[in-house]
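Contents: one structure, followed by commentary.
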Amino acid sequence: MRLPTALLLLIFLLPCAALAQGDTRITFLGRQLEKGRDPRARSQAALVLGATEDPEAVTPLCGGLKDPSELVRAAVAKGLGALLEPKGLDCLQAVQGEADATVQAAVAESIKVIKAFQSRRPRFYLSLDALKDKTGRVPAELVKVTQERLRSKLVRRGAQMAPEKESKAAAKGALKKLGVHGYRITAEIQATDSGGLRLQLLCMTYPEQSLMGQVEVNAAGAPPADLLKALIPRAIEEAAATFEWSSET
């Protein structure tokens, strides 16, 4: 595989209404799921939460497994299955004794889907460093949320995440067993001259730590939470294309 030299890629995102509303979506849907009067509305909120592909949706969905309506609990189980998050699997496994047959079937199916996703053959092996906030202005909780979203999107892209503090020998053993390439990603949140935010991904080979290059994506015109949420998938798309992440060895 060809290793590209350092490459700078800039993407400027224009502010828009959809972006400005992005940070409140999970909160709004979670409130609808918890307090909506109509079970059909709560069920719809659960399904939409599952379709967000956002790990932040796990918490409201797990709470929804206690809803008095069987219709809602079944929708919640389906939503958790769509999210494909490990924490969602824990919640589903905790309610396998569900009394209602329809809900029980939805729980079982979602458990099956998540386990199948977790056992699929990865496209690449990835060590992800802790996200760094170089601006000094992003709240710690938002940095944590952004890290989780970054991890989730990388896993959906086909990454198998390496354990923290993995030894070089263990990494080489895992790569040999999986038959894929290994990468290490260091991500930083930086400020831009225009007052926006930049998400930078530095990529190296793993476990050798040879520098491959970096990608950067910029955004402005919205609150930090909205900007970071929008930047994550774009940064990953650029990195995947630039560094040719693939399972070919």
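Along the sequence shown, residues carry numbers from 1.
A continuous path of Ile, Leu, Val, Met, Phe, Trp and Tyr side chains, each step under 4.5 Å between heavy atoms, connects Val113 with Leu61, placing both in one hydrophobic cluster. The same ILVMFWY cluster, assembled from side-chain heavy atoms under 4.5 Å apart, contains both Leu178 and Leu175.
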Stepwise, does the side chain to side chain contact (heavy atoms under 4.5 Å, CB included) test hold for Arg73 with Asp100? CA-CA 10 Å; Arg73 296 201 302 278; Asp100 182 81; 4.1 Å; yes
Report the C-alpha distance between Ile232 and Leu154 in whole Å, list the side-chain angles of each, state the deciding distance to 0.1 Å, and finish with yes or no for side chain to side chain contact (heavy atoms under 4.5 Å, CB included). CA-CA 10 Å; Ile232 289 170; Leu154 286 164; over 6 Å; no
Could you walk me through whether Arg184 and Gln209 pass side chain to side chain donor-acceptor pair (under 3.5 Å), step by step? CA-CA 7 Å; Arg184 177 183 174 187; Gln209 317 283 356; 2.9 Å; yes
Return all side-chain donor-acceptor pairs below 3.5 angstrom for residues 134-145, not counting sequence neighbours, or 'none' if the list is empty.
{"from": "Thr135", "atom 1": "OG1", "to": "Asp133", "atom 2": "OD1", "distance (Å)": "2.6"}
{"from": "Thr135", "atom 1": "OG1", "to": "Arg137", "atom 2": "N", "distance (Å)": "3.0"}

Distance-only donor-acceptor hits, side chain of residues 84-96, under 3.5 Å, sequence neighbours excluded:
{"from": "Glu85", "atom 1": "OE1", "to": "Arg151", "atom 2": "NH2", "distance (Å)": "2.6"}
{"from": "Glu85", "atom 1": "OE2", "to": "Ser152", "atom 2": "OG", "distance (Å)": "2.6"}
{"from": "Gln96", "atom 1": "NE2", "to": "Gln93", "atom 2": "O", "distance (Å)": "3.2"}

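A salt bridge links Glu237 with Arg157: at least one charged nitrogen is closer than 4.0 Å to a carboxylate oxygen. For Asp54 and Arg25, the salt-bridge test fails: no basic side-chain N is under 4.0 Å from an acidic carboxylate O. Using a 4.0 Å cut-off between charged nitrogen and carboxylate oxygen, Glu109 and Lys78 do not count as a salt-bridge pair.
When side chains are defined from C-beta on, Glu244 does not count as touching Phe124, because their heavy atoms never get closer than 4.5 Å. When side chains are defined from C-beta on, Leu49 counts as touching Ile26, because their heavy atoms get closer than 4.5 Å. The side-chain heavy atoms of Val58 and Leu83, taken from C-beta on, include a pair separated by under 4.5 Å. Side-chain contact between Leu80 and Val107 is absent, with no heavy-atom pair separated by less than 4.5 Å.
Geometric assessment of Arg120 against the ring of Phe117 yields a positive cation-pi assignment under the 6.0 Å and 45° thresholds.
Taking the six-membered ring for Trp and thresholds of 30 and 60 degrees, Tyr183 and Trp245 have ring planes inclined between 30 and 60 degrees apart.
Within 6.0 Å of the CZ atom in Arg40, the count of heavy atoms belonging to other residues, nucleotides or ligands does not exceed 12.
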